[in-house]
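Beneath this line is the structure, given in structure tokens, with notes to follow.
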Amino acid sequence: MKITHTEIYRFSIPMEPFVIATGTMHFAQNVLIRIYTDAGIHGVGECSAFPMIVGETQETCLAMAKDFAQILKDKNPLEIPERMQDLLAYADHNATIKSAFDMALFDIAAKNAKLPLYKFLGGHKRTIETDMTIGIDTPEGMSQTALKYQKNGCRIIKIKLGKKVHEDIERVKQIRAAVGDEMILRLDANQGWSFDDALFALGELESQNIEFCEQPMRTWFDDQLPELALNSPIKIMADESCYNHHDARKLINSKACEYLNIKFAKSGGILGAQKIHEEALQHGVKCMIGSMLESRIALSANLHFALASPNVVFFDLDTCLLGHLVDPVVGGLTYDGYFLDVPETIGIGADADEEFLKTCESWVL
């Protein structure tokens with residue numbers, strides 16, 4: 001089998017403004033990839049650029065996608081490690097746009113095997129329940145949002161923090177007071193705190209029954225994470241500190257955190273995510289599958305990966321519920337409240353709506 005050509009789309013999805021410690025997003029800066037083969041099979045991949053975290057924008061993703069498409073032309077898409085090595089040999093980093101190509105290659109491979117992706121990866125169905133993320137707002141506004149989600153049946157809330165530490169503490173306390181003791185609360189500071197602020201905040205919030213706190217400090221303070229993890233009464237999850245399996249190994253060996261957050265936009269896709277999962281599995285470190293602002297295409301791939309990864313026990317797959325104003329996807333994962341499922345269709349089982357694609361700038365290489 002050979003790759004004949006690749007379609008690249010500027011896959012912008014309008015959304016309600018979403019605020020985290022590092023910035024505000026007004027639309028999902030996504031890129032859609034379709035890789036075509038001489039076997040009549042095409043694979044679909046999507047990535048969501050989050051420049052304030054990964055340093056990639058939609059423009060850089062589009063530029064690199066054009067180069068990657070040329071590199072992969074006439075090569076065998078079923079040799080996924082070799083194809084991803086081709087991209088790495090050309091350009092280091094750029095994990096976000098690489099993840100779209102990785103996803104499309106896995107879609108082709110699973111379709112070629114006539115299996116849903118999770119079965120192709122050796123997985124099986126299990127219950128998957130996502131959290132819902134609350135962006136940074138006033139304590140009152142955030143507690144009202146938490147109540148709204150709770151009334152809709154949500155049982156797990158992820159609270160974005162990382163601004164002024166005393167206000168952050170008040171945000172969490174007001175949310176806990178509003179939703180009661182039964183709801184699971186997770187924190188995500190998105191690198192917003194200093195070491196002292198993190199230690200203070202996590203100590204102050206010990207009484208609030210918090211499941212874990214994601215990425216309390218900037219990645220350049222990773223050398224201080226082991227000390228924070230040792231002294232924090234709340235468990236630490238590494239997110240932006242863990243891009244690849246080498247990061248995972250270093251974090252685990254230094255006892256810097258209890259949990260790892262895997263995102264395709266950091267790992268470069270499924271292949272890299274599998275390596276992180278394996279590293280964590282060997283050491284008994286549980287993982288979360290997370291996401292940026294992807295549509296249900298990439299979220300479907302995330303869910304397939306999770307179903308094949310027993311050490312993934314936390315799920316943050318709410319991105320298209322966070323204010324996407326359109327759903328440009330045909331097929332793909334479905335939500336039953338906050339419980340997720342993927343169809344038994346071969347491959348990822350999702351593709352872009354052709355009518356929506358007509359509105360997108362595109363290239364064929």
Side-chain angles (χ1 to χ4, degrees), residues 18-21 126-193 196-217 225 228-239 257-261 284-291 306 311-319 321-323 335-341:
F18 183 68
V19 183
I20 65 170
R126 59 184 168 122
T127 301
I128 304 289
E129 183 179 7
T130 185
D131 60 21
M132 280 298 289
T133 304
I134 299 178
I136 295 174
D137 191 1
T138 62
E140 296 76 18
M142 292 175 76
S143 61
Q144 287 303 308
T145 301
L147 270 177
K148 180 185 75 174
Y149 287 149
Q150 187 179 45
K151 286 172 183 172
N152 289 338
C154 179
R155 303 193 302 180
I156 313 168
I157 292 288
K158 185 162 96 162
I159 305 167
K160 291 288 188 181
L161 303 171
K163 294 288 190 181
K164 294 179 180 175
V165 68
H166 291 281
E167 292 176 11
D168 283 339
I169 292 166
E170 187 60 27
R171 288 179 171 103
V172 178
K173 288 183 174 180
Q174 286 204 26
I175 289 171
R176 176 55 83 194
V179 300
D181 296 333
E182 295 302 309
M183 200 165 210
I184 295 172
L185 297 185
R186 302 167 174 171
L187 312 181
D188 185 359
N190 276 119
Q191 309 183 74
W193 292 330
D196 290 342
D197 282 349
L199 197 59
F200 174 67
L202 296 171
E204 287 291 303
L205 293 172
E206 179 179 9
S207 62
Q208 301 303 304
N209 189 19
I210 304 300
E211 188 172 34
F212 55 76
C213 177
E214 272 187 73
Q215 201 64 34
M217 305 183 295
L225 260 182
L228 181 65
L230 182 65
N231 289 285
S232 170
I234 294 171
K235 292 182 177 180
I236 304 297
M237 175 181 283
D239 181 5
C257 58
E258 283 84 6
Y259 305 128
L260 299 174
N261 188 344
V285 173
K286 301 297 184 185
C287 298
M288 172 187 265
I289 182 67
S291 42
N311 208 42
V312 173
V313 299
F314 308 113
F315 310 95
D316 183 27
L317 299 175
D318 60 346
T319 61
L321 304 177
L322 291 175
Y335 291 91
D336 179 8
Y338 300 94
F339 292 88
L340 284 68
D341 194 18

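Index from 1, following the sequence.
Under a 3.5 Å cut-off, the side chain of Asn190 and the backbone N or O of Gly192 do not form any donor-acceptor pair. Panel note: side chain Ser291, backbone Asp316; a donor-acceptor pair is recorded below 3.5 Å. Within the 3.5 Å criterion, the main-chain N or O of Ile175 finds no donor-acceptor partner in the side chain of Ser143.
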Working note: Thr130 + Ile156, criterion side-chain contact (heavy atoms from CB on, under 4.5 Å); need CA distance, chi angles, decisive distance, verdict.
CA-CA 7 Å; Thr130 185; Ile156 313 168; over 6 Å; no
Under the side-chain contact (heavy atoms from CB on, under 4.5 Å) criterion, do Phe314 and Asn261 qualify, and how do the steps go?
CA-CA 9 Å; Phe314 308 113; Asn261 188 344; over 6 Å; no
Show your reasoning for whether side chain to side chain donor-acceptor pair (under 3.5 Å) applies to Asp318 and Thr133.
CA-CA 7 Å; Asp318 60 346; Thr133 304; 2.9 Å; yes
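We find the CD1-CG distance between Ile210 and Leu205 to be 6.0 Å, quoted to the nearest 0.5 Å. Taking CG of Leu187 as the reference point, atom CD1 of Ile159 lies at 5.5 Å (rounded to 0.5 Å). Of the inter-residue distances, the one linking Ile289 atom CD1 with Leu260 atom CG reads 12.0 Å to the nearest 0.5 angstrom. For the atom pair CG of Leu321 and OH of Tyr149, the computed distance is 8.0 Å after rounding to the nearest 0.5 Å. Taking SG from Cys213 and CE from Met217, the interatomic distance works out to 10.0 Å, rounded to the nearest 0.5 Å. In this structure, Cys257 SG and Asp239 CG are separated by 10.5 Å, a value rounded to the nearest 0.5 Å.
The shortest side-chain heavy-atom distance between Asn209 and Arg176 falls under the 4.5 Å cut-off. Contact check for Leu199 versus Leu228: side-chain heavy atoms found under the 4.5 Å cut-off. Contact annotation: the side chain of Val172 never approaches that of Met142 to less than 4.5 Å [non-hydrogen atoms, C-beta and beyond]. Contact check for Tyr259 versus Glu214: no side-chain heavy atoms found under the 4.5 Å cut-off. Ile134 places a side-chain heavy atom less than 4.5 Å from the side chain of Ile157.
Between Glu258 and Lys286 there is no salt bridge, since no side-chain N of the basic residue sits under 4.0 Å from a carboxylate O of the acidic one.
Listed by first and then second residue, the salt bridge (charged side-chain N to carboxylate O under 4.0 Å, His left out) pairs that reach into residues 127-144 are Glu129-Arg155, Asp131-Arg186, sequence neighbours excluded. Each salt bridge (charged side-chain N to carboxylate O under 4.0 Å, His left out) pair with one or both residues in residues 166-175, not counting sequence neighbours, appears once here: Glu167-Arg171, Asp168-Arg171.
Among residues two or more places apart in sequence or in another chain, the ring-ring contact (aromatic ring centres under 6.0 Å, His included) test is passed with Phe200 by His166. The side chain to side chain donor-acceptor pair (under 3.5 Å) check on Gln215 picks up Ser241, with sequence neighbours excluded. Under the rule for a ring-ring contact (aromatic ring centres under 6.0 Å, His included), Tyr338 has no partner lying at least two apart in sequence or in another chain.
Residues Ala306 and Phe315 approach most closely at CB-CE2, 4.0 Å, considering heavy atoms. Minimum heavy-atom separation, Cys154 to Met183: O-CE, 3.0 Å.
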Table please: side-chain donor-acceptor pairs of residues 229-238 below 3.5 Å, with sequence neighbours left out.
| unit_1 | atom_1 | unit_2 | atom_2 | d |
| --- | --- | --- | --- | --- |
| Asn231 | ND2 | Glu227 | O | 2.8 |
| Ser232 | OG | Ile234 | N | 3.0 |
| Ser232 | OG | Ile234 | O | 2.6 |

